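Proteins come first, then strands; the chains are lettered A, B, ... in the order of their sequence lines, and each starts at number 1. Since the model is a prediction, treat every value here as computed from it, not as a measurement.
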There are 2 protein chains.
Amino acid sequence: MPPSRDDSVETIQRELTAFARRARATAARMHPELSLVSFTLLAHLADQQGCRATDLAAHYLLDKSTVSRQVAALEKLGFVERRPDPDDQRVQVLHPTPLGYETLASVAASRRAVFRERLADWSEEDLSRFAEYLERYGRTATRSEK
Amino acid sequence: MPPSRDDSVETIQRELTAFARRARATAARMHPELSLVSFTLLAHLADQQGCRATDLAAHYLLDKSTVSRQVAALEKLGFVERRPDPDDQRVQVLHPTPLGYETLASVAASRRAVFRERLADWSEEDLSRFAEYLERYGRTATRSEK
DNA sequence: TCAGGTGGTTGTATAGTACAACGTAAATGT
DNA sequence: ACATTTACGTTGTACTATACAACCACCTGA
């Protein structure tokens, strides 16, 4: 007998919740030097080739004060540098430093390794379907939070 | 062209991470009276029909001090009661109170509603496959953290 | 030009978490 | 049987991530 719609929803909810509960601690244990949040912010900077604190806040639905402090921490660690915006003196354009890029690459690699190992015995087809489902879920979830 | 194995792994990682980052805040906004963690602990008590603080800590990989404080908070809110264990005076068996069951049911219902709405336009087949994938992922993830 | 909006920091408060030290109770080994 | 070790739980302390509010400096448009 196939699971009912409600059963599936229940399972999805339970598993995502469990994952959320574990994620931070796991990430922190794996990379004491770069928390889940810092990692994400730094990755975004690398991806965007620099952006403003406000952009980070908007993109991740964080308060600007939170971003301000996270960025300050990243700067203190030497992972991020601030460049003035010639068109607007209020603005600081944030960029990863070479050390930032390096650290990001190494953390990203080791995170990837963990996931890859964890998903080692999945078929290619299952992997791509799982990825698709998560993206789809992420799109609606993000939308409803805005 | 189908995505490569690495692309899929990358996506899965990114989406799960994004979800983790959002989950707590979202849950807190939805249910100020019962955080994600409290909810989870209370749900476990209901599910197990009572258990010890140590069991909660082991099951959720939390420090016993964390559990102690969470339980104290739940008790203060009137959601949990402690019963002595006749066989071991050190032990307190934790049970949801009637109010605890009630609150749990209402929060669970509203959480379910959010998920149901979010997944409303998914086909039954996609839902059940997504649920399966998450369970499968959860099993390996849990194992590798222990 | 000046009123209101924007970018960012800082003060304050809260939740969740870990680790260490502790008290008490049970279990174990000699 | 007693001493040692282990187990359960609490409390003190500290840290991270977070939000909100107050603020300053700067920009923009009527």
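For the segment residues 36-45 of chain B, the set of residues with a heavy atom within less than 4.0 Å of an atom of DNA chain C comprises B:V37, in numerical order. Interface residues of residues 71-97 of chain B facing DNA chain C, ordered by number: B:D88, B:Q89, B:R90; criterion, heavy-atom separation under 4.0 Å.
In this structure, the side chain of B:T97 engages the main chain of B:G78 through a donor-acceptor pair within 3.5 Å.
With B:E75 as the fixed residue, the salt bridge (Lys or Arg N to Asp or Glu O under 4.0 Å) test singles out one of B:R83, B:R69, B:R82: B:R82.
The side-chain heavy atoms of B:T11 and A:L134, taken from C-beta on, include no pair separated by under 4.5 Å. You'll find the side chain of B:P84 stays beyond 4.5 Å of the side chain of B:Q89, heavy atoms only. Within the 4.5 Å cutoff, side-chain heavy atoms of B:R116 are placed close to those of A:D6.
Atom pair B:L62:CG and C:dA15:P shows a separation of 17 Å (rounding to whole Å applied). Nucleotide D:dG9 holds its C1' atom 13 Å from the CG atom of B:L56, rounded to whole Å. As a whole-Å value, the separation of B:Y60 OH from C:dA18 P is 15 Å. Remark: P of C:dG7 and CG of A:D63 are 14 Å apart, rounded to the nearest angstrom.
Taking the nucleotide of DNA chain D with the nearest heavy atom to each of A:S35 and A:K64, the more 5' of the two is matched to A:S35.
Relative to the six-membered ring of A:Y133, B:R129 misses at least one condition, a distance below 6.0 Å or an angle of at most 45° to the axis.
Between B:R90 and B:D85 no salt bridge is recorded (no basic side-chain N to carboxylate O distance below 4.0 Å).
Of the side-chain N and O atoms in B:R52, one or more sit less than 4.0 angstrom from OP1 or OP2 of D:dC8. Phosphate proximity of C:dG11 to A:S65: absent, as no side-chain N or O sits under 4.0 Å from OP1 or OP2.
At the heavy-atom level, A:R69 lies under 4.0 Å from base atoms of the strands shown. Using a 4.0 Å heavy-atom distance criterion, A:T66 is classed as a base contact.
In summary, the side chains of B:S65 and B:D63 do present a donor paired with an acceptor at a separation below 3.5 Å, with no hydrogens or angles considered.
Under the 4.5 Å side-chain contact rule for hydrophobic residues, B:L36 and B:L45 do not share a cluster.
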